[in-house]
Amino acid sequence: MNTLRRASGIMRIKEVYIFKLLLMAAVTVCATSNSVEDNPIDSKDQCNAFCFNTLKPLLDNAMETKKKIENCEVSIQDRDEKLQKLQKQLVASEMNASIFNQIENIFNEKIKYKDKLIAALEEKSGSDQNEIDSIKRQLDANTEALKVLKTQLASLNSTVSLHNFNAKQQHEKLVQVKAMNCVPFENSTAIHDIDVAGFGKVSVLCDGQTAGPGWTVVQRRFDGSVDFYRNWFEYREGFGSLTGEFFLGLEILYHMTKSLPYELYIQLVDFQNVSRHARYDSFLIGSEDEQYMLKSLGTYSGNAGNALRYNLYDSFTTYDQDHDGWTSGNCAEWYSSGWWYNLYGNSNLNGKYFYDEVNNEKSIWWYNWKGYHALKSVQMMIRPKYTSI
Ligand SMILES: [Ca+2]
């Protein structure tokens with residue numbers, strides 16, 4: 001804008017200058033006109049020549065000046081246009097610069113924020129590292145404490161093991177001293193030594209699984225490996241093998257059932273592997289002088305039937321010692337067994353072993369369940385009626 005005003009001022013100065021030149025020319029003409037009026041004939045030609053010679057250069061000069069001025073004006077106009085363009089470009093540049101500055105400011109702010117963030121992160125990292133170091137120290141301390149405890153625990157375990165070993169030995173000694181039956185051996189199904197009052201030491205098979213703990217097995221049949229058609233002596237002393245089939249012996253039974261109230265548990269299994277049992281809660285037999293009489297059975301319970309009840313108070317009979325109620329014959333011989341008989345028997349667990357379910361009075365049978373049909377396996381067990389287990 002200053003440039004435009006400056007250009008406009010120059011134009012006015014030039015116009016005034018031209019006007020002054022024209023005025024001087026006019027004054028000069030007027031000053032010479034008096035001599036023309038003094039001589040009217042030659043005044044017109046003289047004036048024309050004078051004016052022409054005087055004004056012509058001035059006019060030419062004025063015209064030339066005017067053209068120059070017009071050219072200047074055109075040039076100035078071009079410059080103005082260029083100036084406007086430059087101004088527009090300047091404005092645009094200034095706007096760009098402003099935007100750039102704003103972006104730069106934002107960028108600087110971002111840089112500052114990033115620096116703060118990094119500083120904060122570094123501080124936090126340092127804090128975390130301190131915390132990790134602290135935890136690590138605690139872990140190390142705990143590990144050391146754990147090692148100490150582990151050592152102490154190993155020592156304690158060793159001591160406890162020693163105590164357990166000693167206690168076990170003492171327990172076994174006590175059991176060996178006190179075992180009069182399988183009760184101390186609880187759930188065992190193994191062979192143990194017991195000491196029967198009035199009889200002495202004897203090995204017996206225990207069954208702590210079939211009907212609960214502590215039962216002493218007195219008879220077992222399951223494979224026909226042992227002949228049960230035996231004489232009186234053999235039934236008195238017992239026969240067979242504790243690892244297979246056997247009869248424990250009437251003399252042992254007498255002394256055991258005499259020393260304490262005993263229960264009797266009889267398990268029966270047929271050839272379809274169906275299992276039933278008969279339980280008597282007061283089992284007692286007499287002495288040899290009483291022919292090992294079945295003196296007591298107590299109350300029956302079970303699902304095989306109360307077959308043995310029929311022979312309560314009957315004596316034991318073998319083929320060589322007939323104590324039954326059949327005057328004209330021997331039930332043991334008839335039934336191929338050794339058992340408690342009267343006129344006949346209602347059970348025959350010491351009969352001949354058959355390998356299928358034959359209907360035979362000489363076989364192993366329990367009349368109240370399957371009549372005279374042979375059973376696959378049987379087992380007789382006794383246990384004190386009053387026991388803590
Ligand atoms: Ca007889």
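When a ligand or atom number is given, it counts from 1 through the structure's own listing order.
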Exercise for review: Test Tyr319 against every option in Phe228, Phe233, Tyr229, Trp334 by the ring pair (Phe, Tyr, Trp, His ring centres under 6.0 Å) rule and name the one that passes.
Suggested key: Tyr229
Check your understanding: If you round to the nearest 0.5 Å, how far is OG of Ser225 from CD of Glu245?
Key -> 4.0 Å
**Study point:** Asp270 and its side-chain hydrogen bond (donor to acceptor under 3.5 Å, both in side chains) partner, picked from His373, Lys370, Arg276
**Key:** Lys370
Exercise for review: Kindly compute the distance separating NZ (Lys385) from CG (Leu264), expressed to the nearest 0.5 Å.
Suggested key: 13.0 Å
Study note, to complete from the structure: Between the CG atom in Asn350 and the OH atom in Tyr335, the distance rounded to the nearest 0.5 Å is 14.0 Å
Review point. Could you state the interatomic distance from OH (Tyr262) to OG1 (Thr257), rounded to the nearest 0.5 Å?
Key: 8.5 Å
Point to revise | Listed protein N/O/S atoms, distance to the Ca ion (ligand 1) under 3.0 Å | key: Asp322 OD1, Asp322 OD2, Asp324 OD1, Trp326 O, Gly329 O
